[in-house]
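Written out below as structure tokens is the structure these notes cover.
Note that this is a predicted model, so its numbers are computed, not measured. Each chain gets a letter, A, B and so on, in the order its sequence line appears, and its residues count up from 1.
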There are 2 protein chains.
Amino acid sequence: MSDIPLLPNHQSGPKKLTPEQENQQLKKIIRELGLKVTQQRMDILRIVKAGDRHFTAQDIFEAVSETNTSIGFATVYRFLKALSAKAFVTEVRMGGMPARYEWSSQEHHDHLTCTVCGKVVEFENDEIEKLQEEVAKSLGFILTDHILELFGVCSSTHCQKVYKSAPES
Amino acid sequence: MSDIPLLPNHQSGPKKLTPEQENQQLKKIIRELGLKVTQQRMDILRIVKAGDRHFTAQDIFEAVSETNTSIGFATVYRFLKALSAKAFVTEVRMGGMPARYEWSSQEHHDHLTCTVCGKVVEFENDEIEKLQEEVAKSLGFILTDHILELFGVCSSTHCQKVYKSAPES
DNA sequence: ATTATTTTGATAATGATTCTCAAGTTCAGG
DNA sequence: CCTGAACTTGAGAATCATTATCAAAATAAT
């Protein structure tokens with residue numbers, strides 16, 4: 001129960017942490033939230049920290065389900081909410097689509113989404129950030145957060161073609 | 001450039017249009033969408049064009065209901081969708097909250113929302129827009145749209161106080 | 001171990017939006 | 001101004017993501 005089957009899902013940069021060390025790390029995070037350490041929360045946290053960049057609650061549910069027989073959606077949502085309340089994960093809600101979550105230790109970044117194929121590219125731009133601060137200040141606000149989502153058509157020939165032949169939408 | 005007749009485009013500024021002229025205007029818009037002119041669509045359009053800046057579907061439903069006895073939610077949503085498909089209105093969906101719509105003839109602008117009292121201030125910033133274009137281009141995208149929403153605390157003493165005494169969120 | 005608290009998960013509930021389809025309208029042509 | 005084909009409507013059901021409920025199970029402190 002303390003051994004984690006190493007998923008071949010490590011795409012890059014394997015951190016040199018023994019399973020035990022990783023567990024301690026995860027537990028520490030959970031305790032920082034003022035919550036009890038449970039198997040479910042460990043599982044969710046492990047997936048969120050290790051996996052691909054953007055998750056939906058559904059993704060996490062499915063990923064955890066592979067290891068842990070039965071986990072409930074409620075638990076996933078509850079814990080993600082707790083994590084994002086303390087800014088361990090960032091919750092991005094857009095359009096009518098399910099919210100996406102991502103581990104937020106990394107640098108802040110915004111998103112550029114291809115409206116044809118759905119590909120998401122991340123970027124960061126300090127100048128834009130600075131201008132945002134200025135705008136807020138000039139309007140008497142203390143800036144606390146922002147959402148910047150760009151939409152466009154990516155460079156793939158397929159998407160370009162679809163875009164150019166689009167009947168005006 | 002050329003001289004632009006200043007249109008008093010404020011809601012307080014009464015446009016010198018006879019009801020009949022206004023109706024013709026509305027009908028023209030509906031026909032441009034390739035749709036039939038119906039009482040419901042006229043009503044919705046009138047409200048959207050004349051009213052306050054930001055609407056939810058609920059708002060529009062209620063406003064129209066005052067005049068037109070029974071209108072369905074489906075009709076409101078359907079027509080708003082048609083309008084936003086042709087960019088007559090802009091649909092902004094955020095967070096878990098209902099979508100907001102606004103008549104988009106006016107200049108493009110973004111929003112700065114006070115997270116305490118909910119006040120929404122509009123702004124526009126050409127520099128930010130330009131930088132967005134650059135970012136997209138540098139990533140090989142054709143930029144077609146964007147959402148920029150800033151969040152902060154407005155200058156009212158109440159909101160400032162709440163913010164400063166907040167227990168860390 | 002024992003117990004006081006938390007947490008969980010199945011399921012119901014919610015809220016916004018969309019779908020379905022029978023009944024009602026619109027509009028072009030006679 | 002009739003008629004009918006095509007388009008719209010609205011009421012309610014259906015979806016979808018997310019929350020709430022609550023008895024049963026797990027955790028942590030004694």
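Rounded to whole Å, the distance from CD1 on Ile30(A) to C1' on dT27(D) is 12 Å. Across the protein-nucleic acid pair, Phe79(A) atom CZ and dT6(C) atom P stand 17 Å apart, rounded to whole Å. As rounded to whole Å, 14 Å separates atom C1' of dT7(C) from atom CG of Asp43(A). Separating the CE atom of Met97(A) from the P atom of dT18(D) is a distance of 12 Å, rounded to the nearest angstrom. Atom NZ in Lys27(A) sits roughly 10 Å away from atom P in dT27(D) (whole-Å rounding). To the nearest angstrom, P of dT27(D) lies 12 Å from CZ of Arg31(A). Distance CZ (Arg93(B)) to C1' (dA17(D)): 12 Å, rounded to an integer number of Å.
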Reading nucleotides 4-11 of chain D from 5' to 3' and marking B where a protein heavy atom lies under 4.0 Å of the base, S where only the sugar-phosphate is that close, and - otherwise, the string is --BSSBBB

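The hydrophobic cluster containing Ile147(A) does not contain Leu143(B), counting ILVMFWY residues as joined when their side-chain heavy atoms lie under 4.5 angstrom apart, directly or transitively. By the criterion of side-chain heavy atoms lying less than 4.5 angstrom apart, applied directly or through intervening Ile, Leu, Val, Met, Phe, Trp or Tyr residues, Phe73(B) is grouped together with Leu45(B) in one hydrophobic cluster. Criterion: ILVMFWY side-chain heavy atoms under 4.5 Å apart, direct or through other members. Under it, Val76(B) and Leu33(B) are part of a common hydrophobic cluster.
Glu62(B) and Gln58(B) share a donor-acceptor pair across their side chains, judged by distance under 3.5 Å alone.
Residues passing the side-chain hydrogen bond (donor to acceptor under 3.5 Å, both in side chains) test with Asp110(A), sequence neighbours excluded: His108(A), His146(A). Annotation: side-chain hydrogen bond (donor to acceptor under 3.5 Å, both in side chains) contacts of Gln24(A) (sequence neighbours excluded): Glu20(A).
Of the side-chain N and O atoms in Tyr77(B), none sit less than 4.0 angstrom from OP1 or OP2 of dT18(C).
Listed for the Thr56(A) side chain is no donor-acceptor partner under 3.5 Å among the backbone atoms of Arg100(A). A donor-acceptor pair under 3.5 Å links the side-chain atoms of Ser104(B) to the main chain of Ala87(B), judged by distance alone. Side-chain atoms of Arg41(A) come within 3.5 Å of backbone N or O of Lys36(A) as a donor-acceptor pair.
Taking the six-membered ring where the residue is Trp, His54(B) and His109(B) present perpendicular rings, their angle passing 60° and hence far from 30°.
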Show me the side-chain donor-acceptor pairs of residues 148-159 of chain A shorter than 3.5 Å, one per line, residues at least two apart or across chains.
from, atom 1, to, atom 2, distance (Å)
Glu149(A), OE2, His111(A), ND1, 3.3
Ser156(A), OG, Cys159(A), N, 3.1

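Contacts with DNA chain C (heavy atom under 4.0 Å) in residues 54-64 of chain B: none are found.
A rotation axis mapping the C1' atoms of four pairs onto the next four is fitted at both ends of the helix from dA1(C)-dT30(D) to dG30(C)-dC1(D) over five pairs, and the angle between these axes is 30° to 10 degrees.
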